[in-house]
Amino acid sequence: MFNTFLRIKLLIPSILVVFLMSCNRDLLSNSTASSTEESESTYIQIDEFSPEEIVDFDNLKVAVGQVIYVPVYSHIYYMNTRQIYNLATTLSVRNTDQNREIIIKTVNYYNTEGQLVQSYLEQGIRLSPLASTDFFVEQSNSKGGAGANFIVEWVAEEAVTEPIIEAVSIGTAGTQGIAFTSSGKVLKKVQE
């Protein structure tokens with residue numbers, strides 16, 4: 001009798017673990033499937049810019065600048081069947097100079113095939129010393145694919161410390177979650 005009780009007591013946690021794992025997979029699959037089916041063009045510029053921050057490039061004398069490539073992921077694959085797990089992405093542009101502003105000329109989002117999906121800025125914007133701004137792609141939007149990327153161009157009117165430009169990708173479904181960062185890589189330096 002004691003052996004039977006012990007076997008049942010040991011078996012219940014195993015069944016519970018298998019059941020919970022199964023529920024998590026179902027929730028993840030359902031969430032991912034519905035996110036992919038309902039994918040809309042949702043791109044958000046998180047910060048609103050005041051008129052003083054907008055730049056007139058006709059009268060601008062550029063001293064330095066860069067074109068930065070930032071790899072991001074609107075989805076990644078998991079399991080052996082390459083199931084899709086959608087991710088939200090926040091692109092962060094941070095002016096690290098303590099005394100001088102930088103100007104963000106362009107922020108463009110490209111998909112896996114290298115096609116422009118979204119251009120975030122109609123005009124350049126000024127970023128004050130130590131200020132930051134963000135750009136966002138929702139988790140339900142999978143148009144970028146696993147090889148999505150941002151191209152960011154910034155300039156300054158005098159020598160400045162280089163900004164930090166990186167992306168945070170995060171996904172949640174049920175009790176599962178994943179998050180990681182991607183650093184920008186300099187493609188070209190601008191100097192006049």
Practice task
Of all the heavy-atom pairs spanning His75 and Gly145, show the shortest one and how long it is.
Solution key: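 Distance-wise, the nearest heavy atoms are CE1-CA, 3.4 Å.
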
Exercise for the section: Might you point out which heavy atoms bring Ala173 and Tyr85 nearest each other, and give the distance in Å? Expected result: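 Smallest interatomic distance, heavy atoms only, reads N-OH, 3.7 Å.
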
Do [X] and [Y] have side chains that approach each other closer than 4.5 Å (heavy atoms only, starting at C-beta)?
X      : Y      : value
Gln139 : Thr172 : yes
Asn108 : Phe150 : no
Val152 : Leu91  : yes
Leu87  : Ile170 : no
Asn99  : Pro129 : no
Val160 : Arg100 : yes

Exercise for the section: Report yes or no: do Met79 and Ile76 belong to one cluster of Ile/Leu/Val/Met/Phe/Trp/Tyr joined by side chain heavy-atom distances under 4.5 Å? Expected result: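 Per the 4.5 Å side-chain linkage, Met79 and Ile76 are co-clustered.
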
Practice task
Output yes when a side-chain donor or acceptor of Thr106 lies under 3.5 Å from a complementary backbone atom of Ile151, and no otherwise.
Solution key: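 Checking the backbone N and O of Ile151 against the side chain of Thr106, no donor-acceptor pair under 3.5 Å is found.
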
Problem - Side-chain H-bond candidate by donor/acceptor type, Gln66 with Glu162, under 3.5 Å - result: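 Yes - a donor-acceptor pair under 3.5 Å links their side chains.
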
Problem - Distance-only donor-acceptor check, side chains Thr96 and Thr161, under 3.5 Å - result: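 Checked: Thr96/Thr161 side chains pair up, N/O donor to acceptor below 3.5 Å.
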
Problem - Electrostatic pair Glu157-Lys61, nearest N-O below 4.0 angstrom - result: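 Looking at Glu157 and Lys61, the cut-off is not met.
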
Problem - Ring-ring centroid check Tyr73 Phe180, cutoff 6.0 Å - result: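 Ring centroids of Tyr73 and Phe180 are less than 6.0 Å from each other.
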
Problem - Criterion side-chain contact (heavy atoms from CB on, under 4.5 Å) against Trp154, the qualifying member of Val64, Asn95, Val107 - result: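 Checked Val64, Asn95, Val107 against Trp154; only one passes side-chain contact (heavy atoms from CB on, under 4.5 Å): Val64.
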
Problem - Under the side-chain contact (heavy atoms from CB on, under 4.5 Å) test, residues paired with Val168 that sit two or more places apart - result: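 Listed in chain order: Thr181.
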
Practice task
Apply side-chain contact (heavy atoms from CB on, under 4.5 Å) to the pair Ile68 and Glu153, showing each step before the final yes or no.
Solution key: CA-CA 6 Å; Ile68 309 286; Glu153 184 176 357; over 6 Å; no

Exercise for the section: Look at the aromatic rings of Tyr120 and Phe135 and report parallel, tilted or perpendicular, splitting at 30° and 60°. Expected result: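 Geometry flag for Phe135 against Tyr120: perpendicular rings.
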
